[in-house]
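Everything quoted here is computed from the prediction, not taken from an experiment.
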Amino acid sequence: MVSKCFQLRLHLHPHLSISSDGPKQRAPRFLTPHLLPIASTATGYQRQLLLHRRCSSPVMASRHDDRPSPQSSFKDLEQDGGLTNDDLKPTTPQQRTFSGWEMASLWVGLVVGVPSYYLAGSLVDLGMAWWQGIATVVAANIILLLPLVLTGHPGTRYGISFPVLARSAFGIRGAHIPTLLRALVGCGWFGIETWIGGEAIFLLLPSPLKQTSFAHSLPWLGTSPLEFSCFIAFWLAQMAIIWKGIDGIRDLEKYSAPILILLTSCLVGWAYIRAGGFGHMLSLSSRLSSSQFWSLFFPSLTANISFWATLALNIPDFTRYTKTQKAQILGQAGLPIFMGAFTFVGLAVTSSTKVIFGEIISNPIQLLGKIGGFVTMILAIVGISLATLTTNIAANVVAPANALVNLSPSKFTFRRGALLTALLGIACQPWRLLKSSESFIYTWLVGYSALLGPIGGIVLTDYYLLRHTNLDINALYSTNPRGSYYYSGGYNLAAIAALVIGILPVIPGFLHKVGIVTSISDLFVVIYNNAWFISFFSSGTIFWILSKKGSTPKDPLLPAEL
């Protein structure tokens, strides 16, 4: 049996070793892990178990192999039923069908939306030149591209989602902390984006319908029955796609991307022709001094990074379906280009409305309603609905759904998690939130997204600096107290401490931003304005120091790195 295993799997895992209860044994370079149980000091039972695991499906990938590792044979692994179901298991080679174009299509669908339309325009309103606003957006997304690609790597390599990856750093139970924090933001954004989509349908309805009693606001509801009906109609349209699972989301993004690019090009062409060029936009110069520009640049950079900071955490939820590392990297590399191009569209069209209509119209929904015409109305409904659908479903449903599945795999599937996410989106009553305190909500969401920086720093430090990209898939699904990721009762106290320490300095600036605290020192203002950078690197560094100094419990039955 040993010789057969040796012959069949000699090429696998050349850099792994087996640790025992005693000091780590270093095997000769020419020995493979399949011979190490014989050479180690493990007990007879341990040797048999290890040999059985080596002769079955491999659960670790070689550090230098960038190809996706095969899915583990779960019938052979000591996995715990409370930690896995079909949605949490590593994806099989047959499920990994995303190409580089499909990953790029995902980002096209995410980028083209109403919030992205405002980005550069808001910076110009604050005094930047048009090119400075676009450059700030592009710079933020170039910076964010690095954690996106780095966090996407384990998704492609091991076929695992973000909740499973988080178990490595936070522990098999501690992973609920980062995943539920990410889910909370997603639920809030889902409700807000769904309301925007419903509002688009409402604003583009025929005027006679909007003048009926059905369009009058009801105090107990907080909005009109007609607006609420549009909101529910858009909600149901999203659920029809979500119910198809990840394949439905992939098809939506893939087929919507060309349509969105075409409609966006038509809008730009219309603005260019009607305004006689983009001379008005190009004439917009900076109204800021050098010192004023830099004081605005850094908080604007942080805000634009936090715009996709949520996706930078749960991107493994998508990259686990990509064919190769090359596909996920090339697909994500388009993000800065797409964001730069679409913010240029928003800025160019908005500036053109001053020439065409004599007033600035920054809301694309209002602009399309102002243009008028039956064909324009149809195209507007299709375009804005597609833009909102592609952004909302991918960015705000997948992560909360997977977090709920991770919370209770026996009760939740992806569909059930997505349904609960969508229901919570209704429960938060986004029409009340946006109408009563829109600035507070968006400040809170942006601030909260910036607070997700510590989670990213901890996860990447664990995966690259501490584990050198080597994960034990079996241990990620096991409640064995001697498992690599069990730590202290399933919680990695070092990761939790680093998360808290990274968040605390940002809180005073956040409270000041929302008006709860009237005055704070300039230091806390600077920290909040650079919250993502400071929390990301400080938490990552603290976690690395604590992990190096502390003693992390290891399972002697599991592979350990030489």
Legend entry - Within-4.5 Å side-chain heavy-atom neighbours: P454 and I501: no
Legend entry - side chain to side chain contact (heavy atoms under 4.5 Å, CB included) partner of P147, the single match among L144, L145, L150: L144
Inset, instruction - Would you mind reporting whether L180 and L184 have side-chain heavy atoms less than 4.5 Å apart? - result: no
Inset, instruction - Could you please spell out the steps behind the side chain to side chain contact (heavy atoms under 4.5 Å, CB included) verdict for T302 and N529? - result: CA-CA 7 Å; T302 301; N529 288 342; 5.6 Å; no
Legend entry - Flag side-chain contact, heavy atom, 4.5 Å: R416 against T413: yes
Legend entry - Any side-chain heavy-atom pair of V149 and Q328 under 4.5 Å: yes
Inset, instruction - If the plane angle is over 60° it's perpendicular, under 30° parallel, otherwise tilted; pick one for Y158 and Y463. - result: perpendicular
Inset, instruction - Show your reasoning for whether side chain to side chain contact (heavy atoms under 4.5 Å, CB included) applies to T319 and H153. - result: CA-CA 7 Å; T319 60; H153 182 277; over 6 Å; no
Inset, instruction - Return yes if some donor-acceptor pair links the side-chain N/O of N392 with the main-chain N/O of T388 below 3.5 Å, else return no. - result: no
Legend entry - Distance, nearest 0.5 Å, that separates CZ of F293 from OG1 of T136: 5.0 Å
Inset, instruction - Report yes if some heavy atom in the side chain of P400 is under 4.5 Å from a heavy atom in the side chain of F190; otherwise report no. - result: no
Inset, instruction - Flag yes if more than 12 heavy atoms outside I520 fall under 6.0 Å of its CD1 atom; otherwise flag no. - result: yes
Inset, instruction - Write down the atom of R157, the atom of T469, and the distance for their closest heavy-atom approach. - result: NH1-OG1, 2.7 Å
Inset, instruction - Examine distances only and state if a side-chain atom of Y321 and a backbone atom of T91 form a donor-acceptor pair shorter than 3.5 Å. - result: no
Inset, instruction - Could you label the plane-to-plane angle of the W294 and F297 rings as parallel, tilted or perpendicular, counting under 30° as parallel and over 60° as perpendicular? - result: perpendicular
Legend entry - P316 vs T151 side-chain heavy atoms within contact, under 4.5 Å: yes
Legend entry - R167 to Y477, cation-pi by 6.0 Å centre distance and 45° axis angle: yes
Inset, instruction - Keeping the roles fixed (side chain from T421, backbone from V397), state whether a donor-acceptor pair exists under 3.5 Å. - result: no
Inset, instruction - Output, in order, the C-alpha distance, side-chain angles, deciding distance and verdict of side chain to side chain contact (heavy atoms under 4.5 Å, CB included) for F170 and L499. - result: CA-CA 10 Å; F170 287 86; L499 176 64; 4.2 Å; yes
Inset, instruction - Specify the closest pair of heavy atoms between G502 and S539, including all atoms of both residues, with the distance to one decimal. - result: CA-OG, 3.1 Å
Legend entry - Distance-minimising heavy-atom pair for L452 and L313: CB-CD1, 3.7 Å
Legend entry - Exceeds 12 heavy-atom contacts within 6.0 angstrom, atom CH2 of W101: yes
Inset, instruction - Quick one: pull up OG in S538 and CD1 in I527 and give me the separation to the nearest 0.5 Å. - result: 9.0 Å
Inset, instruction - Spell out, as yes or no, whether a donor-acceptor pair under 3.5 Å connects the side chain of S295 to the backbone of Q292. - result: yes
Inset, instruction - Give a yes or no answer on whether the side chain of D462 reaches the backbone of I458 with a donor-acceptor pair at less than 3.5 Å. - result: no
Legend entry - Expected output: side-chain S478 to main-chain N474 donor-acceptor under 3.5 Å: no
Legend entry - L471 to Y485 - nearest heavy-atom pair and separation: CA-OH, 3.5 Å
Legend entry - Any donor-acceptor pair under 3.5 Å from N85 side chain to L88 backbone: yes
Inset, instruction - Verify, without hydrogens or angle tests, whether R182 (side chain) and F162 (backbone) share a donor-acceptor contact under 3.5 angstrom. - result: no
Inset, instruction - Could you tell me how the ring of W130 sits relative to the ring of F344: parallel (under 30°), tilted (30 to 60°) or perpendicular (over 60°)? - result: perpendicular
Inset, instruction - Could you tell me the separation between the OG atom of S488 and the CZ atom of R173, rounded to the nearest 0.5 Å? - result: 11.5 Å
Legend entry - Matching residue for W107 among F342, W308, F338 - test: ring-ring contact (aromatic ring centres under 6.0 Å, His included): W308
Legend entry - From CG (N406) to CG (L83), nearest 0.5 Å: 7.5 Å
Inset, instruction - Output the distance between atom CG (L466) and atom OG (S547), rounded to the nearest 0.5 Å. - result: 5.0 Å
Inset, instruction - Give the intermediate values and the outcome of side chain to side chain contact (heavy atoms under 4.5 Å, CB included) for residues I143 and F533. - result: CA-CA 10 Å; I143 293 171; F533 293 98; 4.1 Å; yes
Legend entry - Under 3.5 Å donor-acceptor, R96 side chain and T156 backbone: yes
Inset, instruction - Measure the shortest side-chain to side-chain distance between D87 and F412 over non-hydrogen atoms and say whether it is less than 4.5 angstrom. - result: no
Legend entry - Min side-chain heavy-atom separation P90-I473 under 4.5 Å: yes
Legend entry - Exercise: identify the closest heavy-atom pair between L110 and T390: CD2-O, 4.0 Å
Inset, instruction - Heavy atoms only: give me the nearest T194-Q238 pair and the separation to one decimal. - result: OG1-NE2, 3.0 Å
Legend entry - Exam field: side chain S116 to backbone V111, donor-acceptor pair closer than 3.5 Å: yes
Legend entry - CG-OG1 distance between L546 and T461, expressed to the nearest 0.5 angstrom: 11.0 Å
